[in-house]
Every structure is written in structure tokens, then in C-alpha cells.
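In what follows, a structure is listed as C-alpha cells, so that the remarks can point back to it.
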Amino acid sequence: MLKKIKVKDVRLGMYIQEVCGSWMQHPFWKRSFKLTDEKDLNTLKNCGVDEIWIDTSLGLGVSADVKTLSKKGEELKVESELKKIDKTPQKTTALVSLQTELFAAKKIHTNAKKAVVSIFKDVRMGNALQLDGAVSLVNEIIQSIARNSSALICLSRLKNADDYTYLHSIAVCVLMVALGRQLGLKDAELQQAGIAGLLHDIGKIFIPDEVLNKPGKLTDEEFNIVKMHPLKGWEFLKESSEVHDFILDVCRHHHERMDGMGYPDKLSGEALTVFARMGAVCDVYDAITSNRSYKQGWEPAESIRKMAEWKNGHFDEVIFHAFVKTVGIYPTGTLLKLKSGRLGVVTDQSKKSLTKPIVKVFFSTRSIAQIVQEIIDLSKSQDSITNIENPLQWGFDLNEIMGV
Ligand code: C2E
Ligand code: SIN
Ligand code: FE
């Protein structure tokens, strides 16, 4: 049931349907979500709005004795699965700067590419799966993400069409680790999550290259062939003794959807594990932000916004919300136009607000000229975001500006 309540009465566990008046200008915040984070609660209480709508069928009601328990089954499942996990508190703040971490991250990324190429090559030749290299690699990825998650996430976006499957596997690995960390998974699970990312598309080995790399849209028949990759990958991995159930699950179920419209098993809601739900979000985000032989990738901020707007039940909302916290509403690498007329690229996320990242300004649209580069923390600045810009339209090489 929908209820309008005073913001002062809001508490954790409520399902926020709508915030009345202008809260944060960003559409993401205009969506409904379950309030589970103390920080979001504080932001909400201090944002100058005094009333909101809650949905008591999806979250807690107004008074403490109204214990609602008609929460959505699938949310309950995610929460109870996450509860079972012995979480370790994680620092979400970057311990080192992006520039510093990029040195280490570039090496890790190069090694990752070698490792993935060699795993895929071995499998193609019919050799047994060897995961020793992958385990130590994922451990390095876990540490890099802990120091500064933006470095590997940014590097993972750089792809060329030919190597897409390898580079996509690394990107999904990196995103799974970062998301898992946000969800509070401990290292042993992060390791499984990372390896699951590396291996999720291994079944693409069994799909003919001319179909996979077709430079245009697939026919129905071709798409049906591609759709066999989760099952083919799973059949292969389940023969290998060292592959954990989580990994098998992500391989088989990363194309399932919460509404049951995915493949190969058309699982829905409760039948999907946390790991499979994580895989679906990370896979799609990386696929749509990548340039492909058949289509130009979208900018990260645009991709997040689109995924948030797909209301037809593709993703788990709790997991997606955690993902947005992981990469940001304006992910690192996003080109922004500020009220001052300056252009800046996001170089870090703010500890304070998802909508006020840290940017490096480098160009003035008023004087149409480069300006002295400067780092600005928008949570502490008078300046603010007016627009997300397309770097292709401006012709800037953002990676060069960021030092990627
Ligand atoms: P992929 O390219 O790695 O994409 C993974 C998933 O990301 C897709 O699964 C889909 O859920 C999402 N995705 C990717 N691009 C888009 C997009 O433009 N819009 C939306 N809404 N979602 C997108 P899906 O659709 O099951 O595709 C599985 C695989 O089939 C893809 O993996 C890709 O290898 C291949 N594929 C799909 N469509 C095409 C196509 O038009 N041409 C070619 N050559 N391959 C395609
Ligand atoms: C999806 O929900 O996965 C796709 C929806 C869309 O492309 O609009
Ligand atoms: Fe896939």
C-alpha cells in the first residue's frame, strides 16, 4: 500500500516509492528503492524535502509495530543469502589516487589478458582447465580494487573488437570483484566472484567465430546459436573438478533475468542466486559500454541511466543499486559540463555523495580554450554539474587527460 509520510518518520527498511519535490536532480533518485543504507537515510533527512511516498507492501511501514512482512520474495532471498555470508567491513574510500593505482593496474591488466588468452586457448585445444594462474591474478585484482577501484574499472573499458571476448571477461571479473566488495563479500567469495567473471563466457569458444564476430545484427537462427553459450560453457566447466558451484552458476545463468525472460533455463526471482544476479548486471554494463563490430558503445553514465530505466524486470534492484554505488552515477571517466562552463572528466567518486564526484577540469566552453587543469571535489565546490557530454562530439581523448 502506498503511504505519504513525513521525512522525519523515515527509517531503514522502508521502500521509498517517490520523493516529493526536487530531491536530487538525477533521475536515478527519482526511482523507487528500498532504504537500507544509513547514509542514504541521512541524505534523505537532510535534503530539504519534507514528505515522501513509501510502499508498505515492499518495505517497513510507519510504526515499529507494523512489521510488514510481505516483502518481495526475491529481495528476501538476496538479503538472507547475503546475511549468510560472513561479511567483513570494507573501506569504500580509495586508499591511493587513480594516477598511482593506474601503474599497478596496467600491469595487472596486461597479465590478466595473457592469463585469459591462455585459458581460452587451452580449452580450445581440449586441455584440462588450469586455474592456478587465474586465482593469483584475481587476488591481485581484489587488492587493486581495494586500493582504488576506478583504475581497473577504467582500464577494462578499453577494448578492440577482435579481442572483445577476452577483454569482456576481464572487465566482468573486475566488476564482479568491485560489486562483491560493495555487497560486503569476504575475500574467499570475492575470489570466486572474480573467477566466475573470467569464465562466464567461456562457452563462446564453442560458438563459430563467424557468428560471434559478425559485423552486423544476428538473424534469429544465429542468435539461437549464440544463446547456447551459457549451457555449453557450463557443460565444459562441470567436468573440471576445481570449479566451484558459484562459478558454474554464473556461467549458466548470467543471461537469466529476474522476470524469467532470460535463457537458458528461464529462471526467475527466487531461483536466481546472488552470484547469478551479480553476473547479469556486470555482463550487461560492460557489453553496452563497449565498442563492438556491430555497434558503438554507450558512455558509462548513459549506460547506468539506461539500465536504471529498464523497468521491465531484467535486474535485481538491490544488486543493481549496489552496482550503481560501485561505479557511480557519473562513473570515473565521464565527461561533464559544469555550471561555470568548464568541462571536466570524473577522476574519482566522492565519499559524500553519489551525485557529486571529483572531476579534473581542463577546458572552458566559454572561451573555447584549454585551461590549467585542476581537480575539483564537487561535494565541496560552488560549481555543479549541468550536463553529461559526449567526448566523441568534443574530440577529446579523455584517457590521455586521465593518464589511462
Ligand atoms: P555481449 O555482447 O557480451 O552482450 C551481453 C548482453 O548485454 C546481451 O545479451 C544483452 O543482454 C546486453 N546487451 C548488449 N548490447 C546491448 C544493447 O545494445 N542493448 C541492450 N538492451 N542490451 C544489450 P544477449 O542479448 O543475450 O546477447 C548475447 C551475445 O550475443 C552477446 O554478448 C553478443 O556476443 C551476441 N550478440 C547479441 N546481439 C548481437 C548482434 O546484433 N550482432 C552480433 N554480432 N552479436 C550479437
Ligand atoms: C532489458 O531490460 O534488458 C532491455 C530493455 C531495453 O533495451 O529497453
Ligand atoms: Fe554471455
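Order of listing sets the numbers, starting from 1, for every ligand and every atom in it. Atom set for the values below is all heavy atoms of this structure, side chains included, hydrogens, waters and symmetry mates excluded. Source: prediction; values computed, not measured.
Side-chain atoms of Ser379 and Asp377 include a donor-acceptor pair closer than 3.5 Å. A donor-acceptor contact under 3.5 angstrom links the side chains of Ser364 and Ser367, judged on distance only.
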(message) Run the side-chain contact (heavy atoms from CB on, under 4.5 Å) test on Leu199 and Ile202 for me, step by step, so that the C-alpha distance in whole Å, both residues' side-chain angles and the decisive distance to 0.1 Å come before the verdict.
(response) CA-CA 5 Å; Leu199 299 179; Ile202 195 139; 3.9 Å; yes

Go through the steps to decide whether Lys159 and Asp286 satisfy the test salt bridge (Lys or Arg N to Asp or Glu O under 4.0 Å), and finish with yes or no.
CA-CA 10 Å; Lys159 292 190 188 68; Asp286 186 66; 2.8 Å; yes

- Test salt bridge (Lys or Arg N to Asp or Glu O under 4.0 Å) on Lys306 and Glu302 and set out the steps. CA-CA 6 Å; Lys306 286 195 165 145; Glu302 193 190 358; 3.4 Å; yes

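A salt bridge links Asp201 to Lys204: at least one charged side-chain nitrogen sits closer than 4.0 Å to a carboxylate oxygen. A salt bridge does not link Glu374 with Lys360: none of the charged nitrogens is closer than 4.0 Å to a carboxylate oxygen.
Ring planes of Phe120 and Tyr166: perpendicular class, angle over 60° (limits at 30 and 60°).
Residue-ligand proximity, Ala287 to ligand 1, at heavy-atom distances under 4.0 Å covers atoms 1 (P), 3 (O), 4 (O), 5 (C), 7 (O), 14 (C). Counting atoms of ligand 1 from 1 in the listed order, those under 4.0 Å from a heavy atom of Arg292 are 1 (P), 2 (O), 34 (O). Residue-ligand proximity, Tyr164 to ligand 1, at heavy-atom distances under 4.0 Å covers atoms 1 (P), 2 (O), 3 (O). Close approach of ligand 1 to Tyr263 (heavy-atom distance below 4.0 Å) involves ligand atoms 24 (P), 26 (O), 27 (O), 28 (C).
Close N/O approach between Gly216 and ligand 1 is found [any backbone or side-chain N/O within under 3.5 Å]. For the pair Trp298 and ligand 1, the shortest N or O to N or O distance does not fall below 3.5 Å. Looking at Trp310 next to ligand 1, no N or O pair under 3.5 Å apart turns up. At a 3.5 angstrom cut-off on N or O pairs, Lys295 counts as close to ligand 1. Here's the thing with Asp201: none of its N/O atoms is less than 3.5 angstrom from an N/O atom of ligand 1.
Of the heavy atoms in Lys204, only side-chain atoms (C-beta onward) come closer than 4.0 Å to ligand 1. Residue Lys217 touches ligand 1 through backbone and side chain together, judged by heavy-atom distances below 4.0 Å. Only the side chain of Ile288 comes within 4.0 Å of ligand 1, judged by heavy-atom distances.
Here the two rings, on Phe396 and Phe363, have centers that are under 6.0 Å apart. Centroid-to-centroid, the aromatic rings of His168 and His200 come within less than 6.0 Å. Here His229 and His254 bring their ring centres to under 6.0 angstrom of each other.
Counting heavy atoms only, Asp283 comes closest to atom 6 (C) of ligand 1 of the residues Val226, Leu218, Asp286, Asp283.
The environment of NZ in Lys114 is sparse: at most 12 heavy-atom neighbours from other residues, nucleotides or ligands sit within 6.0 Å.
With a cut-off of 2.8 Å, the protein N/O/S atoms near the Fe ion (ligand 3) add up to 4.
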